[in-house]
Amino acid sequence: MKKNTERNISDERAFNIIKKPMMTEKSTNLNQYNQYSFKVNLKSNSLEIKSAIEKIFKVKVSKINTSIVRGKPKTFKGNSGYKKNYKKAIVTLKEGQTIDT
């Protein structure tokens, strides 16, 4: 039995899943391999991320790698705490596809 890999999501849901693109030195180096990094919703899965990227940027996605980045401890004016956790998605596009960031 084949899983349903195509998910139809609304525009509003797609923009809730994809928070913002990550512009770091490492993510800029990944662009030459047709890979792009995004901060995404913590509760979203790879299928939702794939359909959101395809809907927003109108490209074909071949692979998604996700990881949850744990918040680092920080001290501000003597009060210690933690930064928020976030989920990072590295999206690999099919040949010939690009995203203008």
With rounding to the nearest 0.5 angstrom, report the [atom1] to [atom2] distance, [X] to [Y].
X: Ile17; Y: Lys50; atom1: CD1; atom2: NZ; value: 14.0 Å
X: Ser62; Y: Glu95; atom1: OG; atom2: CD; value: 8.5 Å
X: Ser67; Y: Lys87; atom1: OG; atom2: NZ; value: 9.0 Å
X: Glu48; Y: Ile18; atom1: CD; atom2: CD1; value: 10.0 Å
X: Tyr36; Y: Leu93; atom1: OH; atom2: CG; value: 6.0 Å
X: Asn41; Y: Arg13; atom1: CG; atom2: CZ; value: 6.0 Å

- Query: Do the side chains of Val91 and Leu42 join up, straight or via other hydrophobic residues, at under 4.5 Å, putting them in one cluster?
  - Reply: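 No.
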
- Does the side chain of Ile49 reach to within under 4.5 Å of the side chain of Leu47, using non-hydrogen atoms?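 No, side chains not in contact.
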
- Message: Using side-chain heavy atoms (C-beta onward) and a distance below 4.5 Å, is Thr24 in contact with Ser37?
- Response: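 No; the side chains remain at least 4.5 Å from each other.
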
What heavy-atom pair brings [X] and [Y] nearest, and what distance separates the two atoms?
X: Ile9; Y: Ser51; answer: CD1-OG, 3.7 Å
X: Asn85; Y: Gly71; answer: OD1-N, 2.7 Å
X: Ile56; Y: Ala14; answer: CD1-O, 3.6 Å
X: Thr98; Y: Val59; answer: O-CG1, 3.6 Å

- Message: Just checking Tyr86 against Phe38, ring centres under 6.0 Å apart?
- Response: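 Ring-ring flag for Tyr86/Phe38: false, centres at least 6.0 Å apart.
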
Within the side chain of [X], is there an N or O that forms a donor-acceptor pair under 3.5 Å with the backbone of [Y]?
X: Ser27; Y: Met22; result: yes
X: Asn34; Y: Thr92; result: no
X: Gln97; Y: Lys60; result: yes

- Worked verdict on Lys55 versus Asp11 for side chain to side chain contact (heavy atoms under 4.5 Å, CB included): CA-CA 8 Å; Lys55 186 167 194 121; Asp11 290 337; 2.8 Å; yes

